[in-house]
Number of protein chains: 2
Amino acid sequence: MANIREIAKLAGVSVSTVSRVLNNHPYVNEKKRAEILKIIEEQNYVQNSNAVHLSTGKTMVIGVTLPLVNNQYYSSIIEGIAAEAAQHHYKLMVCQTNNNPEQERSILHLLKNKKIDGLIMCSRSSSCETLNEYAGYGPIITCEANDTTSVSSVHIDHYKTFLIGMEYLMKKGHRRIGYCIGRKNSFNSQHRKRAYYEKLRSIDVTPSPEWSFEECLTIQDGKDVVGKLLHTEERPTAMIVSCNHIAAGIIKEASRLGIRVPEDLAVVGCDDQPIGELLEITTVSSSSTLMGKYAFEMLHERIWRQQLDGKKEEKELTPELVERLTT
Amino acid sequence: MANIREIAKLAGVSVSTVSRVLNNHPYVNEKKRAEILKIIEEQNYVQNSNAVHLSTGKTMVIGVTLPLVNNQYYSSIIEGIAAEAAQHHYKLMVCQTNNNPEQERSILHLLKNKKIDGLIMCSRSSSCETLNEYAGYGPIITCEANDTTSVSSVHIDHYKTFLIGMEYLMKKGHRRIGYCIGRKNSFNSQHRKRAYYEKLRSIDVTPSPEWSFEECLTIQDGKDVVGKLLHTEERPTAMIVSCNHIAAGIIKEASRLGIRVPEDLAVVGCDDQPIGELLEITTVSSSSTLMGKYAFEMLHERIWRQQLDGKKEEKELTPELVERLTT
DNA sequence: GCTTGCTCTGAAAAGCGTTCCACATATTAT
DNA sequence: ATAATATGTGGAACGCTTTTCAGAGCAAGC
């Protein structure tokens with residue numbers, strides 16, 4: 001297929017002029033412009049975007065990492081990112097990390113070798129140092145709080161989320177409260193646990209280790225929780241759960257085993273997955289789609305500000321309680 | 001940051017030799033190779049992938065189109081694609097089309113301007129001609145049946161799916177059966193409707209227009225269906241529904257309005273979204289994750305076979321009935 | 001002793017578009 | 001009338017790597 005040089009030759013102009021036409025530069029004679037456009041059309045010419053990328057040093061692609069693609073929480077974030085990105089003519093490279101630091105590094109690498117202009121990490125498992133290192137190659141935004149010095153974030157205040165959930169359950173009279181979270185030591189989990197322990201301490205309850213469930217990632221994990229609850233000495237009367245789909249697993253399994261929700265077991269979910277609405281799960285959450293939107297905005301600004309010295313910025317989303325039928 | 005020329009200069013070799021090291025070409029003296037690798041390390045050098053892309057004419061990126069990002073059916077397909085793509089070192093560019101042909105065209109364009117090496121369309125709204133046109137620029141696979149001459153597909157046999165569902169409902173004694181589908185005139189919908197009408201005709205039932213619901217895309221749309229069913233003259237005793245999340249909407253709303261499922265209204269869903277399992281929805285489906293895997297395999301083969309004259313290929317997935325509690 | 005075939009290396013072309021700089025002409029301001 | 005600005009255009013450098021081709025050196029085979 002033709003390239004810009006050929007078009008220039010056919011039109012009897014220089015390559016620069018064709019380039020100007022292609023980029024809508026104003027200083028081109030209207031007659032020539034028309035002529036060139038005609039030839040471009042005839043030749044069915046389009047720019048080779050790799051040449052453009054090489055030349056401009058930008059790809060108009062941003063990367064998005066997430067542990068797994070098939071999860072509604074992350075899908076909602078991407079939805080927010082995608083809508084905003086589309087408006088600014090950015091494409092998305094979606095990369096599944098499986099929470100594996102190796103794989104994550106290979107994605108961070110895309111920043112270094114210029115395949116992407118910026119990166120949004122919906123979740124991360126890399127170390128602080130790794131993140132700081134790669135932040136030198138292009139802007140990175142995380143969609144969870146992070147403890148680096150250079151990487152900005154947009155995040156839900158998970159501490160506050162759990163706080164609101166706990167306070168609500170306690171107000172309802174619950175004292176034996178359990179929790180369910182995903183990755184044991186992630187930043188988010190630490191915050192959630194802090195709220196959990198603080199609140200229980202405030203009413204002088206010492207939580208039993210039997211009330212805590214970690215590494216809950218799938219619906220099945222939620223169901224398994226109920227099985228385990230059956231064998232606890234002092235069964236909790238309420239559970240606060242990091243994700244609605246896990247809450248859903250708990251609720252369905254409870255109902256199957258004849259444990260009444262909310263009478264025997266109250267459940268609070270902590271995100272905005274649609275299954276929460278469908279199953280009428282009481283939820284403390286903020287919009288993850290909105291989070292995605294903010295993340296892109298922040299990233300976009302940084303891509304154009306260019307100055308990588310830009311200070312760390314943090315945007316927090318405040319969660320809200322949505323009372324439904326599981327409490 | 002350093003480029004290959006600098007590395008060559010520092011190592012006192014030619015650019016070609018450095019390139020050979022970078023690409024693991026065997027004909028490089030081991031001593032030199034080690035030396036060059038050391039300098040690469042010291043200089044923190046990495047290839048500029050845009051230059052590599054330009055030079056090789058490949059990007060190792062494939063595009064994936066889907067109408068909306070936040071939908072579990074599509075997420076499952078992507079999951080399958082992603083896993084397979086990762087194994088072959090391909091990255092994914094995920095593009096939301098909103099079922100808008102304009103937007104879809106802009107993605108097909110990526111094939112023409114070499115931003116992607118191939119394209120998987122989970123769903124498409126472009127015309128046959130458009131597809132055929134762009135198929136000339138790189139391999140395209142659709143994840144639904146298509147009527148083009150050059151675009152291969154991996155697809156679920158939706159005709160058979162509806163057939164199985166209808167037969168099953170009829171065996172259970174239902175005669176007044178309604179349906180719920182997404183886009184009215186999509187290829188998939190046409191097949192579904194054909195099965196629906198054929199089966200009803202086979203038992204001499206003339207379906208009422210009141211039993212058919214089109215443009216059902218969201219959970220809310222499912223709920224709305226129930227509201228409308230209330231006002232039908234002859235209410236159907238069963239519904240066959242293209243997607244489980246819509247079936248879920250129907251079921252929840254029915255239960256809210258005191259319509260018993262399955263006694264008053266039986267519901268069959270027709271995909272493998274996890275909500276089907278969670279809500280114990282009887283389902284006819286095949287694995288969409290598997291479909292994604294096949295789609296990538298097919299695409300990958302075509303990318304390497306290069307010959308765009310390759311004949312059209314079609315792979316069909318056979319659906320299976322999973323009996324659960326909504327029938 | 002001469003041919004053949006490896007191994008190893010470098011120069012140069014090819015892949016393609018953007019952009020800076022210099023220069024020319026035309027127009028407006030002083 | 002002169003200076004200053006705006007408009008229009010081309011040449012060449014720049015971004016960076018891969019790959020082909022030609023050639024050198026050396027060992028094995030006849």
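Order of the sequence lines sets the chain letters (A, B, ...), proteins ahead of strands, with each chain counted from 1.
- Taking the charged nitrogens against the carboxylate oxygens, Lys293(B) and Glu297(B) do have a contact shorter than 4.0 Å, which makes a salt bridge.
- At whole-Å resolution of the value, NE2 in His25(A) and C1' in dG17(C) are 16 Å apart.
- Checking dG17(C), dT17(D), dG10(C) against the side-chain heavy atoms of Asn48(B) singles out dT17(D) as nearest.
- At the heavy-atom level, Val15(A) lies under 4.0 Å from base atoms of the strands shown.
- Residues Ile4(B) and Pro26(A) both approach DNA chain D. Their nearest nucleotides, taken by heavy-atom distance, put Pro26(A) toward the 5′ side.
- Ring centroid separation for the pair His25(A) and Tyr27(A) comes in under the 6.0 Å cut-off.
- Tyr45(A) places its OH atom 12 Å from the C1' atom of dG15(C), with the value rounded to the nearest Å.
- Looking at the side chain of Leu54(A), the nearest of the listed nucleotides dA12(D), dT18(C), dG15(D) is dG15(D).
- Evaluation of atom-type donor-acceptor distances gives a pair under 3.5 Å for the side chain of Arg20(A) against the base of dG10(D).
- For Asn29(A) and dG8(D), the shortest distance from a side-chain N or O to OP1 or OP2 is not below 4.0 Å.
- The separation between Leu22(A) atom CG and dC16(C) atom P is 14 Å, rounded to whole Å.
- For Ala51(A), taking side-chain heavy atoms from C-beta onward, the closest of the listed nucleotides dT9(C), dT18(D), dG17(C) is dG17(C).
- Judged by atom type and distance alone, Thr17(A) does not reach the base of dG8(D) through any side-chain donor-acceptor pair under 3.5 Å.
- Using a 4.0 Å cut-off, some side-chain N or O of Lys32(A) falls inside it from OP1 or OP2 of dT9(D).
- At whole-Å resolution of the value, CG in Asn3(B) and C1' in dA13(D) are 14 Å apart.
- Between Thr56(B) and the phosphate of dT18(D), there is no side-chain N or O to OP1/OP2 separation shorter than 4.0 Å.
- Nearest nucleotide to the Gln47(A) side chain, out of dA11(C), dG17(C), dT9(C): dG17(C).
- Counting any heavy atom pair closer than 4.0 Å across all strands shown, Asn50(B) reaches no nucleic acid atom.
- With hydrogens and angles disregarded, no donor-acceptor distance shorter than 3.5 Å links the side chain of Ser189(B) to the backbone of Asn185(B).
- Judged by distance alone, with hydrogens and angles left aside, Arg5(A) brings a side-chain donor or acceptor within reach of the base of dG17(C), the pair sitting under 3.5 Å.
- DNA chain C is contacted by both Lys114(B) and Tyr27(B); Tyr27(B) maps to the nucleotide lying nearer its 5′ end (nearest heavy atom per residue).
- Residues Asp147(A) and Arg124(A) are paired through a salt bridge, judged by an N-O separation under 4.0 Å between the basic side chain and the carboxylate.
- One interatomic measurement links the two molecules: NZ of Lys31(B) to P of dC8(C), which rounds to 14 Å at whole-angstrom precision.
- Counting to the nearest Å, the P atom of dC16(D) and the NZ atom of Lys9(B) are 13 Å from each other.
- The CG atom of Asn24(A) sits 13 Å away from the P atom of dT19(C) (whole-angstrom rounding).
- No side-chain donor from either of Ser16(A) and Ser19(A) sits under 3.5 Å from a side-chain acceptor of the other.
- Ring centroid separation for the pair Tyr137(A) and His109(A) does not come in under the 6.0 Å cut-off.
- Counting atom types as modelled, Ser55(B) pairs no side-chain N or O with a base atom of dA14(C) as donor and acceptor under 3.5 Å.
- Note: CG (Asn23(B)) to C1' (dC16(D)) measures 13 Å, nearest angstrom.
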